[in-house]
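The figures that follow rest on heavy atoms only: side chains count, while hydrogens, waters and symmetry mates do not.
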Amino acid sequence: MEKGNIDDFLKALFKREAGDRTSVVNYAGYAGKYQFGELALIDLGYYKSDGTSKNDWRGSWTGKHGVNSLDDFLKNTAVQDTAAKEWVALLCKRMRKLGLDKYMGKVIKGIQITDSGIIAGAHLKGFGTDAHPGVKKFLKSNGTTDPKDGLGTPVSHYVELFGGYDVGCCKKVDLSFLEKHTEKPIPGLNLLIKKNGILHQKVKSDDNGYVMPMHGFTAGDMLEVYVEKLAGGHKKIGEEIIGESDVNLIFFSPKIKAVANAEVHKGDAQARKEKAPSQKTEKEKKTADMLDKMSAAWANRNPDLNKSKTENSAPEKKDSSKKGNSTEQASKDPHANVKTERSAKGHPKAIVEKPVSPQPPAPAAAMQKIIPNLLFPLEKRPSDSYKDGARRFGANRSQGRKHAGIDLYAPVGTPIRAMADGVVIQTYAFYLDTWVVEVDHGDFIARYGEVQPLTILVKRGQKIERGQTIAHVGKLKGLSYSMLHLEMYGTNESPVGKGRGLTQKAKVPFQRREDLIDPTGSIDLAKTE
């Protein structure tokens, strides 16, 4: 059970470190809400080394975020909060680089190891070296070495006290494999798991069709799942961008594709023994084509969505060379146009014209809601229209999904402004190294997405004013362009409650909550000043 998000983690850390005092400097020179030392602020780009190992603060400051002195830093709690988030992100990267994420999920000295616990231990005593052990030594020694800080606090205390928070560092991935119609487990599937296009792990489904939890994923990472085919090679059966929560994917497969290997299905194995190696039954031929013609359908946490692609594909076209009554053919296609002509001898003849594709259904009425008197979220309107191409609301995305917002192209670092007065609901990791800020604006919710995580200037529960800068435009990892991704929802129902998050994988085609609205009309009317 998670204790909360990164804001909750930092609130608990602040209370433990500084006792609710924002400008405290302790006996060893550690400063502020989160008791930063010189080395940490040097790593974060706020402070320049003064050539000593002490926290005497006699060096100079870089001016980052307007901080030019220790006094500036202590007086500006927003900057301290930003620095704390930067520090967590940096420690996360170091934790993964050191390979310490492999300890997540294990129990050491009776403590369940989590990413937030490791980060807290590193904040207390560092990751450490052989000469000066820290949280790394605690983990690698299975708890037999439990380093303490200058006040005698052991690393294990922080690992336990601050464990269980979602700090956007590493996510857990669970995979299950079931037969579509019987929902029986599919054991023995050999799988390749890729992270951001690179092999992450080779795993195998157990007797319950389950793969043990995999760690080492971060919000924004691309997860890809490949299954080994009997015909040789591997087939990609799904992908998922790791979001703000752990991932639990269920893969359903029709029974014809459920043969994982000869060890599992004894009947097929026996049949193969009785045949010459070069001979195959029709059933074996179909099995050998497992996932060649059709990949297993999958969905995130919702079995009802899992339908095989053959069920959803268009009906097979009939051979146009076969004879048949044209009018009869037309009656089977409600979209076919039929007209009557006469032959040279004057006999009536029905001619079926090429069917006209039906127009896509109009968006639901709720999606047409207009929110008046908004401030445009950027200082100026982008030259690339948010009503064209992939930037527009409803544009096609992969696997049949529709674009749930509009994209406002702007350079990285462009200030993002609150469109109206409101209260910050939450901030968290979004896609590919970007974050999101969700704001309750009274009669609607705005989701300001694809922002730089280290430039978020607001926190959960904070009241904000129209025009206030809340963050800055970020860029998705791997893309050459940057944007503000904007979504709007027609109610202010909190997305924090169970099952009420704005992203709803089960609600096709947008995969968003039912009160999603098209922002286009509202943004068309928004003022830039």
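Here the CG-CG distance, from L13 to D8, works out to 12.5 Å after rounding to the nearest 0.5 Å. Taken from OH in Y226 to NZ in K235, the straight-line distance is 10.0 Å, to the nearest 0.5 Å. Separating the NZ atom in K75 from the CG atom in L70 is a distance of 11.0 Å, to the nearest 0.5 Å. Taken to the nearest 0.5 Å, the CZ atom of R513 stands 9.5 Å off from the CZ atom of R447. Summarising the geometry, atom CD1 belonging to I193 is positioned 12.0 Å from atom NZ belonging to K202; distances are rounded to the nearest 0.5 Å. If you take CG on N5 and OH on Y428, they are separated by 10.5 Å, rounding to the nearest 0.5 Å.
For the pair D43 and R94, the minimum side-chain heavy-atom distance is below 4.5 Å. Side-chain contact between Q426 and D7 is absent, with no heavy atoms from C-beta onward closer than 4.5 Å. Using a 4.5 Å heavy-atom cutoff, the side chains of F36 and N55 are not in contact. The closest side-chain heavy-atom distance from K195 to L223 is not below 4.5 Å.
At distances below 3.5 Å, not a single donor-acceptor pair connects side-chain atoms of T434 with backbone N or O atoms of V451. Under the 3.5 Å distance criterion, the side-chain polar atoms of S205 are matched with a main-chain donor or acceptor of I186. Here the side chain of T62 pairs a donor or acceptor atom with the backbone of G45 at under 3.5 angstrom. One N or O on the side chain of Q80 and one on the backbone of F73 form a donor-acceptor pair closer than 3.5 Å. Within the 3.5 Å criterion, the main-chain N or O of M222 finds a donor-acceptor partner in the side chain of N196. For R500 (side chain) and S494 (main-chain N/O), no donor-acceptor pair under 3.5 Å exists by modelled atom type. Counting only distance, with no hydrogens or angles, the side chain of T455 and the backbone of H472 share a donor-acceptor pair below 3.5 Å. Looking at S49, its side chain does come within 3.5 Å of a backbone N or O of G51 through a donor-acceptor pair. Of the possible polar contacts, none joining the S176 side chain to the I250 backbone as a donor-acceptor pair under 3.5 Å is found. Between the T114 side chain and the G164 main chain, a donor and an acceptor come within less than 3.5 Å of each other.
Surrounding NZ of K459 are at most 12 heavy atoms belonging to other residues, nucleotides or ligands under 6.0 Å away. The number of heavy atoms from other shown groups lying within 6.0 Å of CG (D56) is above 12. Atom CZ of R397 has more than 12 heavy atoms from other residues, nucleotides or ligands within 6.0 Å.
Residues N26 and Q35 bring a donor and an acceptor atom of their side chains to less than 3.5 Å of each other. No side-chain donor from either of S69 and D71 sits under 3.5 Å from a side-chain acceptor of the other.
By the 30° and 60° cut-offs, the orientation of the rings of W57 relative to W61 is parallel. Below 30°, between 30° and 60°, or above 60°: for Y165 and F9 the angle between ring planes is above 60°, a perpendicular geometry.
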Let me check something: any side-chain donor-acceptor pairs from residues 27-34 under 3.5 Å, sequence neighbours excluded? List them with distances.
{"residue": "K33", "atom": "NZ", "partner": "D81", "partner atom": "OD1", "Å": "2.8"}
{"residue": "Y34", "atom": "OH", "partner": "D81", "partner atom": "OD1", "Å": "2.6"}

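Identified under the salt bridge (Lys or Arg N to Asp or Glu O under 4.0 Å) test for residues 141-161, with sequence neighbours left out: K109-D146.
A cation-pi geometry, defined here as NZ or CZ lying under 6.0 Å from the six-membered ring centre and within 45° of its normal, holds between K64 and Y46.
When each of L457, I464, V458 is checked for a side-chain contact (heavy atoms from CB on, under 4.5 Å) with V437, only V458 meets the rule.
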Task: Pair K137-D130, salt bridge (Lys or Arg N to Asp or Glu O under 4.0 Å): steps then yes or no - done: CA-CA 8 Å; K137 188 69 173 179; D130 291 338; 5.1 Å; no
